[in-house]
Amino acid sequence: MDEEYLQMFFDEAEEYIRDLNDDILILEENPENTEVINAIFRAAHSLKGMAATMGFDELTDLTHKLENVLDLIREEKIYLDAEMIDALFEGIDLINELVEDIKRTGRETTEVEGFLVSLDEKIAAHNKGDTDDVFLGGNASLEGKEEWDLQLTEKNLKEIKSHGGEEDSVLEIRVMLKKETVLKSVRAYMILKKAEELGYLIKSLPDREGIENDEVEVRQEILLVLITGLNHEEIKEELGSIIDVNSVEINPLNIDYSRLETSITGEEQDSSDKNSSIDVSPTVRVDIEKLDNLMNMVGELLINKTQLEDLDIDNSSFQNTIQQLDRVTTELHYTVMQIRMVPISGIFSRFPRLVRDLCRDLDKEIDLNIEGEDTELDRSIIDELADPLVHLIRNAVDHGIEKPDKREEKGKSRTGIVEIRAYQKGSEIMIEIEDDGRGLDGEKIARKAVEKGLAAQEEIENMESEEKLQYIFEPGFSTSENTSQVSGRGVGMDVVKKVVESLDGQVNIESRIDEGTLISISLPLTLAITQALLVKIARETFAIPLDDISETLTVSPEEIKTIRGQEVIVPRDETIPITSAAHQLNIDVDNDRYMERGEIPVVTVSSGSSEIGLIIDEFLTQQEIVVKSMGEYLGSVENISGATIIGDGDVALILDVRKIA
Amino acid sequence: MPKTKRVNHHRLNEKETKRGGMEKNKKQFVTFEILEEKYGLPMCQIKEIIRPKRITHVPNTDEYVLGVINLRGQIVPVINLKSRLNLKEGRQTDRGEARIIIAEINDVLTGINVEEVKEVVWLDENTIDPPPKVAGGVKQEYLTGVAQNEDELLVMVDLKALLFGEQNTGDTPEKLEE
């Protein structure tokens, strides 16, 4: 199969699955919301169409079945309760599994038959009872009665409005064919054709396209909605004259236009029901790899630009060209970065469903608040972040929030609150997950850390409670005494930390017993290019990102004071500890060497609230650097966040000041 | 980045190549010398061989990590094979012959600093014997085997184990010396 189509199928399927999840959640809140039912129906329908086109039979059957159920819900033939919603969710999960199967193996391996049977049973059990139309399982009934009702969409209503004249009436016509009719589809076609002569045919069941393409099985009954100026008798006579027609039944339709007024906007989407494949989108899908290539090339271009600037040619037209080049490359870089940015809602949108399911499994009541889902992050970060965030949410729901009764005992509201926030703060993106649950006990964690040999007893004795909490990020640590099925799955907090750090981010935890827990993750806005100050440290060139620098200054040896064994400088009444950068990097240099000089260059860097002055050898230049990874072999190196290539083609390491400051 | 396999062929023994190219079960090996002992690496793991270039030292890394180089825009770590294999420093050969062998293993590029690249030889895989406990002062865990090539013993280094393998706990030579 064509790779490209397959990829498109996956992308779209993912979108539909997400939409389905979102919409069914809405439906659960507002079972009466017909618009959302329609939206769900459309998504299922589109999925079915795609699956059928691609030849995925199981997926087609499954979506077809869901579509039928939704139709029954829409027509209020079955009850919609939590059980039914669960069934819908289960169906969507199966769709997801099938899509994943195809992704992995190219074949559909997940078993859906069992679900289909149980769904039939549920449908039967949810039958409203005032009609015996609802089928009781089995395939024959699938194509049976449940479809024999014409539902007018908003589009149809609009059509009726625009085509119906003053004298015209809107009629629902039920034409019955003789039982023994052989060429039913031919007859149906003739009936439709005749109807079109008699007036304006709004809709028919089966529809004309289906009949012409031989896609539907024509049964005994054909339904028409017709706008016509003719009276009932004339129509009966015309249609009745067609061969094999047994009876014609006509009922005038009372059209409720109010539905049209309230949901004009829904109309466009309605048309996508059938024509989704020709919807022209103003966006293009691009393989992330292509963007990465583009990014790399922009990076190379920036290096070349810097090299040109370094030529330092005193020629005005050269200078002009350089300036021009500078402007263009800067803009190019910005644009490429923008292209790579995607809203975090891609991950966040999974959480309502996740929390809902967890609540049901664990008998908890939780309000989930999501803020800042429009916050944009680099695509590569988003991809990596999904699993850790899911884990954190699971933790919050499973271990954080208490059961309603327990909460009441503690004087809290029965419903717990889990908040997920994303926002930009300077050059960082913050993601916070907060719950108002039982919180973490620093003492317990510290004890456990000692038990597990992660810390020595002496170590924890003088520790702040906040510091003790950090042990939960250690590999081989798990606080929960009885690991439940929910959060015991797969990754632990150590993996969360590892992933976040691999993205050049940091994770922090704050917690108070019985008040709640806040986990905050800070991530760089973009990974690739940043402004940095180049400095010399022990004969090597290092880059310090400008965002980390508070100021650069030169001090004389006399200005360096010692307070309680710590060397400090006091610029403007502020005491800042200073240390040799080389020392921090474990590079062997003679510390006193600096003191022999009259002027000592210092870069003060900050991380969070702490600030430190780093003694360096020499200031070089300030320039844009392309941040490159040190590669898998070296992995993460202490106090080095990456490397970059500077003007002369040499490698300069990028200082990670966060652990230093 | 375009994936081109580039190997410096100027040392290729042409006669060997032609004869060997015809036969099956033969693989190409790049040979080099450390302390007068000959070592071999399978050609299929080698992306290219470059002349030494400026290596940026990386603090807080193992001693055998010399640093990183810029290989056409990509940051590639370079290790000193001699110290990685815990071989004692010996007579320094002529600096002019030193090369960096760029190995590609599991899609990861790593530079290996050697004093001299000798030649490329074709060897029948069947003539490679399983590694003895120690060969050329290198422990078994870092070897894929030994081979006889023109009256010389060629020690085959297992780059995968060397670069990504689990460190054998307890009895590494340094610790024994301590």
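Letters A, B, ... mirror the listed sequences (proteins, then strands); counts begin at 1.
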Would you say that more than 12 heavy atoms from the other residues, nucleotides or ligands in this model lie under 6.0 Å from the [atom1] of [X], or not?
X	atom1	value
K53(B)	NZ	yes
Q338(A)	CD	yes
K498(A)	NZ	no

### Task
Give the member of I640(A), V651(A), D650(A) that has the highest number of heavy-atom pairs under 4.5 Å with chain B.
V651(A)

### Query
How would you list, by chain and number, every residue that makes a side chain to side chain contact (heavy atoms under 4.5 Å, CB included) with S522(A), sequence neighbours excluded?
E428(A), M430(A), Q506(A)

### Task
Please report the shortest heavy-atom distance between I75(B) and K628(A), naming the atom on each side.
CG1-CB, 3.7 Å

### Task
For R54(B) and E540(A), work out which heavy atoms get closest and say how close.
NH2-OE1, 3.1 Å

### Task
Identify which of V76(B), D62(B), V68(B) forms the greatest number of heavy-atom pairs closer than 4.5 Å to chain A.
V68(B)

### Task
Any chance you could measure T56(B), atom OG1, to I646(A), atom CD1, to the nearest 0.5 Å?
7.5 Å

### Query
Quick one: what part of I79(B) sits under 4.5 Å from any heavy atom of chain A, side chain, backbone, both or neither?
side chain

### Query
With distance as the sole test, does N60(B) use its side chain to make a donor-acceptor pair with the main-chain N or O of E638(A) at under 3.5 Å?
yes

### Message
Once side chain to side chain donor-acceptor pair (under 3.5 Å) is applied, do any residues pair with K536(A), and if so which ones, sequence neighbours excluded?
### Response
T541(A)

### Message
Heavy-atom cut-off 4.5 Å, strictly under: side chain, backbone, both or neither for L585(A) against chain B?
### Response
both

### Task
Check whether any side-chain heavy atom of P59(B) sits under 4.5 Å from a side-chain heavy atom of N639(A), and report yes or no.
no

